[in-house]
Visitor: 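Structure below; questions to follow.
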Amino acid sequence: MGEFWGVLERYFPEFVSGFFVTLRLVGISFAIAMSVGVVIAAFRVTPAKWVQRIGGTYVEIFRNIPLLVLLFILFYGLPSEVQFSRVTAGALGLGLYTAAYVGEAVRSGVFAVGQGQIDASLSLGFSYRDTLRRVVLPQAVRTVIPPLGSLFIAMTKNSAVIGGALQVQDLMMKARGISADTFQTNEAFFWAAVGYLLITVSLTFVVRNLETRLAIRR
Amino acid sequence: MNAKFLLNAFLVNIEIAAIAMVLSLIFGLLLALGRVSKSRVVSIPSGAWVDVWRNLPLLFILLYLSLSLPETWNARYENLVPAFMPEAFQSGRVLAGVMGLTLYNSAVIAEVMRAGIQSLERGQGEAAAALGLPYWKSMRLVILPQGLRRMVPATVSQLITLMKDTTLVSIIAIQEIMRHGRILSSCFTCDPQPPLLQVFLVVGAMFIVVNLTLSRVSRRLEIRQRERTGTEVQAVTGLEDQVAAKADVT
């Protein structure tokens with residue numbers, strides 16, 4: 001039992017730095033996934049058929065390709081003129097990958113708003129853009145928060161793939177390094193697991209809190 | 001020649017996925033049944049088990065198992081594995097790979113199935129009980145057929161995720177498609193040497209084909225089910241625990 005805490009004590013700075021690398025990956029990917037995802041959702045709900053098709057193709061490709069393949073292409077595959085750093089390539093890959101799911105979640109939120117409201121807004125003289133911005137999106141945001149929340153929890157878990165594929169020193173790779181140093185695999189991975197659970201569980205609480213705060217009282 | 005090299009490796013992915021899918025569905029159902037059990041001695045531990053494995057990164061689980069499974073297990077597996085299995089399966093590391101995939105996915109699928117079971121109206125269970133069906137019989141004949149049918153789309157989308165996630169076992173050194181892709185693109189004796197970008201675009205295309213087929217099949221299945229039984233399926237838009245999250249809320 002002494003060893004259990006001993007590993008944490010001796011390697012505390014390592015664990016903390018890995019934890020923050022994971023947080024940074026998650027943060028950047030979150031920003032990319034949100035912005036690209038909303039654009040994709042907008043593509044998929046516009047009236048123009050060919051724009052819809054672009055959005056649909058994006059979703060089908062990125063949802064069916066393994067994240068690992070995407071990361072390899074972005075980091076090892078691109079011509080040397082557009083060489084990304086490991087963290088950038090990783091976060092970009094994870095962000096673009098998650099964006100497809102975000103797009104789908106936001107789209108279903110938009111559809112949940114109901115054609116009647118869109119028709120009403122258009123007939124009141126709102127332009128298409130204003131309808132989307134002032135009528136559809138504020139309501140859609142509320143319905144998409146729970147699915148988005150679980151998406152970002154999934155994304156946090158997927159961030160470990162960046163560490164494994166591109167040798168970024170995130171929480172998982174730190175655990176691997178520590179277990180190689182000390183042969184205390186159980187202890188090292190236990191404390192890293194605590195780190196991951198810390199992120200995923202607190203995300204769950206944030207989402208639940210947001211949900212109750214944004215809920216419309218009808 | 002190169003295409004065959006990749007396809008052979010892709011077959012390993014498909015086989016790993018198939019084994020893990022079957023195991024995850026079986027254990028997922030058991031865990032779901034445990035979680036909805038009336039006895040707290042069963043429901044609390046199975047709930048905790050599901051929550052832990054579901055909230056850890058899959059790659060993290062795989063890496064941990066590959067580093068920590070006792071040598072004797074690997075040796076026993078290597079003795080047991082039949083010789084007709086592909087070369088990649090002869091290594092003991094496959095044990096960790098399949099175990100990790102199963103641990104994680106059975107937990108996620110358990111949540112999906114539980115959501116399906118609990119989405120049924122209470123009346124169904126009550127009616128079955130009123131008709132004198134014992135617990136297991138009402139589960140088997142009334143609750144599960146309806147509850148699981150609603151969750152077909154969600155389950156299939158998780159199985160597609162599983163298929164994609166088989167690439168992660170390359171990180172614990174199982175010779176599957178990602179490894180073969182790397183070997184191919186760093187092969188200096190090949191003439192011409194295939195560029196990495198193209199190799200992995202081909203790999204990506206292979207996954208897209210298999211996964212799109214999977215989702216087409218599931219959609220056909222869904223439509224036929226709806227025509228025959230009038231099941232209302234639960235809509236899914238995303239991945240992993242989305243359905244489960246929805247069930248938590250209600």
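Note on naming: letters A, B, ... go to the chains in the order of the sequence lines (proteins, then strands), and numbering restarts at 1 for each one.
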Visitor: Considering only heavy atoms, which portion of B:Leu67 lies under 4.5 Å from any heavy atom of chain A: side chain, backbone, both, or neither?
Guide: both
Visitor: Please identify, among B:Leu212, B:Ile160, B:Val203, the residue contributing the most non-hydrogen atom pairs under 4.5 Å to chain A.
Guide: B:Leu212
Visitor: Name the region of B:Leu201, side chain, backbone, both or neither, that has any atom closer than 4.5 Å to a heavy atom of chain A.
Guide: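 Both backbone and side chain.
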Visitor: Examine whether an atom of B:Ser170 lies under 4.5 Å from a heavy atom of chain A, and if so say whether it belongs to the side chain, the backbone or both; otherwise answer neither.
Guide: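 Answer is side chain: those atoms of B:Ser170 sit under 4.5 Å from chain A.
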Visitor: State whether the number of non-hydrogen atoms from other residues, nucleotides or ligands found under 6.0 Å of B:Phe27 atom CZ is greater than 12.
Guide: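 Not buried by this count: 12 neighbours or fewer within 6.0 Å.
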Visitor: How close do A:Arg63 and B:Lys164 get, counting heavy atoms only, and between which atoms?
Guide: O-NZ, 2.7 Å
Visitor: Parallel, tilted or perpendicular: which fits the ring planes of B:Tyr64 and A:Phe189, with parallel below 30° and perpendicular above 60°?
Guide: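 Ring orientation of B:Tyr64 relative to A:Phe189: tilted.
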Visitor: Can you confirm whether B:Arg76 is buried at CZ, in the sense that more than 12 heavy atoms of other residues, nucleotides or ligands lie under 6.0 Å from that atom?
Guide: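 12 or below, so no.
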Visitor: Please look at A:Ala100 and chain B and tell me whether the side chain, the backbone, both or neither of the residue comes under 4.5 angstrom of a heavy atom of that chain.
Guide: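 Interface part for A:Ala100: neither.
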Visitor: Only pairs of heavy atoms separated by less than 4.5 Å count here; which of A:Ala193, A:Ala160, A:Gly149 has the most with chain B?
Guide: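 Among A:Ala193, A:Ala160, A:Gly149, the one with the most close pairs to chain B is A:Ala193.
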Visitor: Can you say whether the rings of B:Phe60 and A:Tyr196 are parallel (under 30°), tilted (30 to 60°) or perpendicular (over 60°)?
Guide: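 Answer is perpendicular, since the angle exceeds 60°.
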Visitor: Would the number of heavy atoms belonging to other residues, nucleotides or ligands and lying under 6.0 Å from CZ of A:Arg176 be above 12?
Guide: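 No, CZ of A:Arg176 has 12 or fewer neighbouring heavy atoms, counting only those of other groups under 6.0 Å.
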Visitor: Would one find more than 12 heavy atoms of other residues, nucleotides or ligands at under 6.0 Å from atom CZ of A:Arg24?
Guide: no
Visitor: So which atom in B:Ser68 and which in A:Thr185 form the shortest heavy-atom distance, rounded to 0.1 Å?
Guide: CB-CG2, 4.1 Å
Visitor: Write down the atom of A:Lys157, the atom of B:Arg54, and the distance for their closest heavy-atom approach.
Guide: NZ-O, 2.6 Å
Visitor: Over all heavy atoms of both residues, which pair between B:Thr167 and A:Leu68 is shortest? Give the atoms and the distance, please.
Guide: O-CD2, 3.2 Å
Visitor: Looking only at non-hydrogen atoms, find the nearest pair between A:Ile73 and B:Phe200 and report the distance.
Guide: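 Answer, listing the atom of A:Ile73 first, then B:Phe200: CG1-CB, 3.6 Å.
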Visitor: Give, as side chain, backbone, both or neither, the part of A:Ile61 having an atom under 4.5 angstrom from any heavy atom of chain B.
Guide: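 Contact with chain B: backbone and side chain both.
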Visitor: Between A:Thr156, A:Val161, A:Leu67, who has the most heavy-atom pairs with chain B when the cutoff is under 4.5 Å?
Guide: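 Looking at each option in turn, the highest pair count goes to A:Val161.
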Visitor: Find the distance between CD1 (B:Ile208) and CZ (A:Phe62) and round it off to the nearest 0.5 Å.
Guide: 9.0 Å
